[in-house]
Amino acid sequence: MAEVTLKDVALASGCSIATVSRVLAGTRPVGAETARTVRAAAERLGYRPNEVARALRSRTTGTVGLVLPQITNPFFPSLVRELEHALHAEGRAVLLADCDDDPAIEAARIATFLGRRVDALLLIPVDERRSREAVAGAAARVPLVLLDRGCGTGVADSVAVDNAAGMALVLDHLAATGRRRPCFVGAASTASAAVERRAAYEAGAAALDPTASGRVELGDFSVAWGRAAVDRVWPSRPDALICANDLIAAGALQRLRQLGADVPGEVAVTGFDDIPLAGLADPALTTVRQPVGELAAEAARLLSRRPSDGEPGPRRTVRLAPQLVVRGSSVPTDAAAGR
């Protein structure tokens with residue numbers, strides 16, 4: 001079946017090719033009746049714009065490159081979904097790349113996207129320090145927004161949850177429920193989210209116990225590490241395990257159950273992110289909910305405000321408020337239901 005062209009739409013609508021082009025591209029005002037006639041003819045014929053030709057004319061591709069540390073982390077797919085919806089509403093398509101938590105692969109993925117002439121980049125950096133050079137170079141060429149994690153001050157626009165506020169919510173909740181011997185189970189990663197959550201715990205835990213800030217175990221953001229961490233800390237009987245994300249917390253819950261520990265009677269467990277797994281855990285996991293829809297909407301807004309050539313200017317940093325979701329892993333089920 002032959003491709004429907006602007007000339008075909010012009011013949012069917014009785015308008016000139018120039019008028020049809022103006023209506024369908026929305027570049028200049030056209031009378032309402034003429035516009036309705038052109039659009040009706042285009043729909044009847046099944047006209048679809050040639051995106052390649054449009055890109056050549058406008059010197060834009062209508063695409064945004066999105067680079068993730070590791071797509072297997074359940075937090076990221078929900079964020080990708082919201083980003084795709086937000087950008088699709090602006091007529092943009094998303095190209096996705098996974099870099100397997102490797103800064104070298106991350107830099108290569110960024111270079112590939114730039115070579116494909118994406119209009120902009122969204123990035124969740126692997127490492128605050130080691131990702132910085134590639135991110136800064138790309139931010140000088142195209143609009144670029146960092147999500148969830150940062151690369152230091154002034155490198156690029158960024159939007160993330162307020163990790164310190166989220167950890168404060170957890171600590172306040174545990175203090176209110178009588179916990180006094182917490183232990184933080186986090187990631188040794190130098191990604192900014194890992195660093196900020198650990199620092200916020202160390203700064204605030206002294207309100208529960210003067211020695212609490214020293215009770216820190218670091219591994220990675222995984223279920224396996226959550227299980228292993230329990231074996232390391234359970235002999236000292238902490239009464240709360242504050243986990244840096246929900247995957248760690250899920251592993252901790254699993255291992256505590258295997259050991260016959262009473263959760264939340266003997267020990268409370270909390271997470272961070274509120275991935276779908278959190279509500280399905282046994283008991284359901286108390287966690288900090290990230291405002292994923294707001295993260296995506298704010299990232300799209302920041303992209304649209306940055307000049308298309310990556311021209312230097314003040315970098316914007318946005319921090320969004322988290323929400324504590326109280327479930328059965330930190331208080332008895334009936335108490336959690338009443339909150």
Side-chain angles (χ1 to χ4, degrees), residues 73-83 85-86 124 145-150 158-179 182 184-187 191-205 207-208 221 226 240-250 252-253 263-264 268-302 316-339:
N73 183 325
F75 172 69
F76 295 139
S78 60
L79 181 56
V80 170
R81 179 178 182 272
E82 294 293 339
L83 287 168
H85 288 180
I124 302 173
V145 174
L146 300 175
L147 283 153
D148 187 53
R149 306 174 182 178
S158 68
V159 55
V161 73
D162 188 332
N163 288 295
M167 192 55 61
L169 290 173
V170 170
L171 291 168
D172 288 348
H173 166 66
L174 293 174
T177 54
R179 309 293 174 170
F184 180 77
V185 183
S192 64
V195 172
E196 289 172 10
R197 292 172 195 177
R198 175 186 174 185
Y201 167 81
E202 291 175 338
L208 279 72
F221 285 123
L241 294 182
I242 301 174
C243 300
N245 82 343
D246 291 344
L247 291 178
I248 297 172
L253 283 172
V263 179
V269 178
T270 66
F272 206 111
D273 290 338
D274 198 28
I275 62 176
L277 175 65
L280 301 175
D282 184 19
L285 181 63
T286 291
T287 187
V288 177
R289 176 176 294 163
Q290 293 218 47
V292 177
E294 290 181 56
L295 281 169
E298 189 63 31
R301 187 183 71 82
L302 288 172
R316 302 175 181 90
T317 299
V318 178
R319 290 293 175 263
L320 301 176
Q323 175 189 357
L324 183 68
V325 181
V326 178
R327 299 190 179 105
S329 70
S330 66
V331 294
T333 303
D334 53 348
R339 289 174 179 264

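Note that the numbering runs from 1 along the sequence shown for the chain. None of these values were measured; they are calculated from a predicted model.
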Chemist: Indicate yes or no for a side-chain donor-acceptor contact from Ser329 to the backbone of Thr286 under 3.5 Å, with no hydrogens or angles considered.
Modeler: yes

Chemist: Going from CG on Leu285 to OG1 on Thr270, what distance comes out if it is rounded to the nearest 0.5 angstrom?
Modeler: 7.0 Å

Chemist: Check whether any side-chain N or O of Arg289 sits under 3.5 Å from a backbone N or O of Asp274 as a donor-acceptor pair, and report yes or no.
Modeler: no

Chemist: Which heavy atom of Leu277 sits nearest to which heavy atom of Ala250, and what is that distance?
Modeler: CD2-CB, 3.7 Å

Chemist: Taking atom types as modelled, is there a side-chain donor on Ser330 or His173 under 3.5 Å from an acceptor on the other?
Modeler: yes

Chemist: Quick one: which of Ile124, Asn73, Asp273 gives a side chain to side chain contact (heavy atoms under 4.5 Å, CB included) with Leu79?
Modeler: Ile124

Chemist: Side-chain contact, heavy-atom cut-off 4.5 Å: Phe272 with Asn163?
Modeler: yes

Chemist: Using only atom types and a distance under 3.5 Å, with no angle test, would you say the side chain of Asp246 pairs donor to acceptor with the backbone of Ile275?
Modeler: yes

Chemist: Are any non-hydrogen side-chain atoms of Leu247 and Phe75 less than 4.5 angstrom apart?
Modeler: no

Chemist: What's the shortest heavy-atom distance between Val292 and Ser78, and which atoms?
Modeler: CG1-O, 3.7 Å

Chemist: Of all heavy-atom pairs between Ser158 and Leu302, which one has the smallest distance, and what is that distance?
Modeler: O-CD1, 3.9 Å

Chemist: At their closest point, which heavy atom of Ala200 faces which heavy atom of Met167, and how far apart are they?
Modeler: CB-CB, 3.6 Å

Chemist: Report yes if the side chains of Leu147 and Leu83 come closer than 4.5 Å at any heavy-atom pair, otherwise no.
Modeler: yes

Chemist: Of all heavy-atom pairs between Cys243 and Val269, which one has the smallest distance, and what is that distance?
Modeler: SG-CG1, 4.3 Å

Chemist: Below 4.5 Å, heavy atoms only, C-beta onward: do Pro264 and Arg179 meet side chain to side chain?
Modeler: yes

Chemist: Determine whether more than 12 heavy atoms belonging to other residues, nucleotides or ligands lie under 6.0 Å from atom CZ of Arg319.
Modeler: yes

Chemist: To the nearest 0.5 Å, tell me how far Ile248 CD1 sits from Leu253 CG.
Modeler: 12.0 Å

Chemist: Shortest non-hydrogen contact from Thr287 to Ala278?
Modeler: CG2-CB, 4.2 Å

Chemist: Is the shortest heavy-atom distance from the side chain of Asn245 to the side chain of Arg197 under 4.5 Å?
Modeler: yes

